[in-house]
Amino acid sequence: MPGATSSTQKANPMLSLARDFELETSNMEVPSPNHWATPKVDDQKISDTIWAPTMVHTRQRSRMIDCLNKFQGSVKAQLSESKKHAESIKGEIIIQHTHAKSGLAKPIRIQLYSLNDSSTGKGKLSQEVHLNHGKRIHNKLNGNTCIKYELTFEADRDFGFPGAFVIWNQHKDKFFLQSLSLQVEFKQMVHFECNSWIYPNHLMQKERIFFSNTCYLPSQTPNGLLQLRKQELETLRGDGTAGRIREWHRAYDYDFYNDLSDPQRGERPILGENVKGIMFKIDSCIPPDERFSPQKQSEFVKKVIQATLHFVVSQGGSVSREETNQFKSFNEIKELFSGKKSQGVEEWMIKKLEAHLPKEILKGIGQGIKDYTTKFPMPQLFAGNELAWKDDEEFGRQMLAGINATVIQCLQAFPPKSKNGIWSSIRRSHIEHNLDGLTLQEAMNQWRIFILDHHNYLMPFLGKINKNDVCAYASRTLLFLKDDATLKPLAIELSLPGLSPGTEIHRVFRPGGNGSEATLWQFAKAHVGVNDSGYHQLISHWLKTHAVVEPFIIATRRQLSVMHPIHRLLNPHFKDTMHINALARSTVLKGGGIIEKTLYSGEVSMELSSSLYKEWRFDEQSLPGDLLKRGMAFHNPDCLAGVQLLFEDYPYGTDGLEIWVATKRWVNDYCLHFYKDDNSLRSDHEIQEWWSEIKKIGHGDKCNETWWYPMTTLSDLVEALTTLIWISSGLHASVNFGQYEYVGHPLNCPIKCQNFIPMEGTKEFAEFLHDPDKFFLKMLPNRSEITLYMALLEVLSAPTSDEVYLGQQRSPNWIDDVWVKQRFEQFAEELNEVDKRIVERNADPKLKNRQGPSNIPYKLLRPAVSNVKSCQGITSIEIPNSISM
């Protein structure tokens, strides 16, 4: 990963993100043929009886399998026997990508393990096969190509049923293994979903093992897989030996987040052990199973290049002189999204890309550079109403239906009070005239006063932040819930640390009026937007989704076998998270990275995020728990999820609760399918060790907290899993995929301010009165900072074509259990019904927060399962399964 930008070389952060990749051929996933799903068995003796040919007469076995087939469904399979009574198991392996120009061929060896035990303590082995005569197969849907190899394995008559396979890569190149499908006796089919990079054996120094898609609790593992299950987990845990981590290393381990600078030189605070604001532990490398697929890798690089081109073009002539400038008019901001292409900029841009990007990336994009879209796409917020950013109703609506709708709270006491005991300076007289005829006490009693609070957490950091040519306040915004369920801003309080320790300086702004008073109110809203954009990116987005989930992923890989049903359930929700997190740490979040160059919090950004982790609680990350904590809902056993929203027209809360309920039903039924009762959960040593590692190591700073679920009942497991899936899917979708739509225009939610609001009687106030627009534009970040952040949001806001969405699976053969697959189809159908209701709500004129003055329907939580790949781009509406962007 690239280091911090040298002071002698002005590196483009977006180019450094692209440079982290090699451009590889885009490929596809080919749906594997339908295969037989193993019936659920609670006793391994049943499995051994069915599949051990030496124990049951062939004709009896055939009748038994035929019966199971009628129960399980029709499949295609093939059995052939040689003259020497050996079984031939046919199959096909699909490789999505390879660097090898001459193909893989014989250097790749594969061998099968059976479920039946052998004298070695592992399953019986088939003979080895080699890859030969691969055939390219084309996917018409996405235009990608894979290579399919047909295989025939020879095995003894008593081999039994395949349960695993090992693969040796003796080629010099790595390749991406998608799947293996086997045709076995009695018209059965076994499928192995792999989706992993296979590195050469001279690097790995051992074979790779993959298990079939049949799930087993530890106590139900077939004898032939017991040792292999244990051996694979030991490999993934590693031996704890310190040393350089290489890309082919498969072991998962933990480390502290300490890479903002060189801690030995004392340049930056260490966000690690025994330091204030301890950060959770994270993995320091990307194991092969966590890396992007070739298809996503290629698309991601192209997205980065496209955003980089937009960033470069937006600089105009200044970029070639390596300087930045302020916007001099609102029209200049508008021109970011339209205008003519500059030939001079194009020529400079090509030379600049040649200096920064590998030849592999530049190859084939020469014409693309000449044909690029020259300007940033217009955010929907402004396409619908270019003045919506000024509207107070839209200002309040975005707290309920924007990208940071998880922060607003119902005010519990007036006036607000700081943690250090200092009262807010907002008085009853500031707001009571604006409560639609209610007294303040009546409004409080009716739960109609709300607060957007960016005060307490920010005050301790303002001294550091404002030393770096930034002018930031800590803000409180009070709002009133009107009869039509829209939020009316009442007052904004902007605060700074006082001259004496423990004191604060407050200024209160109110809406209404004309002239300078109305303009100062707009300035105050801009400063609130600065606070909100920083909190959104550092806390709501990075900390509460990307960062907190990573320890769960590591613990899952280390403690739960891929055969474990809970591993199978969670796996789709972990897709690409570790890879995107590593990219974020190496380019976006690092010292001198994009966040520090653009957000108002600058070098304090990760210290601020780390500090707020101290307040994080896993039990409050469930959607019902979060709504209750913020006072946006109250307990009601007759309502969805046992909670009732204070008012219906809260799009994030209403849509989210429906998704939460459908997800929890699915998770509950899935768990009950595999666990008979609470005792079977308590006796599952893998699940207990998994939960213990999450608490004691993954989130070790929280190990002594009493709010962790004890994991002694199935309800504990269901609640924990539903919460984890919600964070990875719905919550992340709500805070990520609308970023460009809402923050892509610098006037709606500024990322920093470079001037404080002027005080009356000062020189700055006179400048403000002379030309308010000019003063406002000087308050905004410069062109380079704004457009760099826009380029980042453009990359983050659009999923790639290989995305898998909530209610979908990567393959139709993701699990060998017919009942589970049928139940999952019901879950997908429930989500489709949720989507229909969301569309109806968005069209209801009585629900004003659904669109508002901006005319943007709330679609961040639309689970459009049936519209697979229908909306690629920055306005896509599906909810990805995982934190993959």
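Predicted model, so just to flag it, every value in this text is computed and none were measured. Heads up: numbering here begins at 1 and tracks the sequence.
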**Student:** Output yes when a side-chain donor or acceptor of W666 lies under 3.5 Å from a complementary backbone atom of V661, and no otherwise.
**Tutor:** no

**Student:** Specify the closest pair of heavy atoms between G656 and L623, including all atoms of both residues, with the distance to one decimal.
**Tutor:** C-CD2, 3.1 Å

**Student:** With under 30° as parallel and over 60° as perpendicular, where do the rings of H541 and H732 fit, or are they tilted in between?
**Tutor:** tilted

**Student:** What's the shortest heavy-atom distance between I286 and A582, and which atoms?
**Tutor:** CD1-CB, 3.6 Å

**Student:** Could you list the residues that satisfy side chain to side chain donor-acceptor pair (under 3.5 Å) with K702, not counting sequence neighbours?
**Tutor:** none

**Student:** With no hydrogens and no angle check, do the side chains of E596 and S605 hold a donor and an acceptor under 3.5 Å apart?
**Tutor:** no

**Student:** Report the C-alpha distance between K419 and E615 in whole Å, list the side-chain angles of each, state the deciding distance to 0.1 Å, and finish with yes or no for salt bridge (Lys or Arg N to Asp or Glu O under 4.0 Å).
**Tutor:** CA-CA 14 Å; K419 288 184 177 179; E615 300 178 5; 2.9 Å; yes

**Student:** Given L721, which partner from the list L569, D716, T663 fulfils the side chain to side chain contact (heavy atoms under 4.5 Å, CB included) test?
**Tutor:** L569

**Student:** Parallel, tilted or perpendicular, judged at 30° and 60°: which one describes the rings of F618 and W616?
**Tutor:** tilted

**Student:** Could you work out, with side chain to side chain donor-acceptor pair (under 3.5 Å) as the rule, every residue matching K417, not counting sequence neighbours?
**Tutor:** none

**Student:** For R862 and E878: C-alpha separation, side-chain torsions, deciding distance, then whether salt bridge (Lys or Arg N to Asp or Glu O under 4.0 Å) applies.
**Tutor:** CA-CA 6 Å; R862 276 193 60 188; E878 297 96 345; over 6 Å; no

**Student:** Using the ring-ring contact (aromatic ring centres under 6.0 Å, His included) criterion, which residues pair with Y535? Sequence neighbours excluded.
**Tutor:** H454, Y457

**Student:** Do Y858 and Y652 have ring centroids that are under 6.0 Å from one another?
**Tutor:** no

**Student:** Report yes or no: does T477 contribute a side-chain atom to a donor-acceptor pair with the main-chain N or O of I492 at less than 3.5 Å?
**Tutor:** no

**Student:** Using salt bridge (Lys or Arg N to Asp or Glu O under 4.0 Å), reason through E550 and R585 one step at a time and then give a plain yes or no.
**Tutor:** CA-CA 13 Å; E550 191 162 347; R585 293 194 298 269; 3.2 Å; yes

**Student:** Is the side chain of S475 donor-acceptor paired with the backbone N or O of E493 at a distance under 3.5 Å, no angle test?
**Tutor:** no

**Student:** Where do K664 and E719 land on the salt bridge (Lys or Arg N to Asp or Glu O under 4.0 Å) test, with the steps shown first?
**Tutor:** CA-CA 8 Å; K664 188 172 182 179; E719 196 69 23; 2.7 Å; yes

**Student:** If I compare all heavy atoms of G744 with all of L793, which pair ends up nearest, and what's the gap?
**Tutor:** N-CD1, 4.1 Å

**Student:** With a 6.0 Å cut-off on the ring centroids, do F552 and H699 count as close?
**Tutor:** yes

**Student:** Please determine whether a side-chain nitrogen of the Lys or Arg among E741 and K859 lies less than 4.0 Å from a carboxylate oxygen of the Asp or Glu.
**Tutor:** yes

**Student:** Run the side-chain hydrogen bond (donor to acceptor under 3.5 Å, both in side chains) test on Y254 and E693 for me, step by step, so that the C-alpha distance in whole Å, both residues' side-chain angles and the decisive distance to 0.1 Å come before the verdict.
**Tutor:** CA-CA 11 Å; Y254 299 89; E693 182 166 303; 2.7 Å; yes

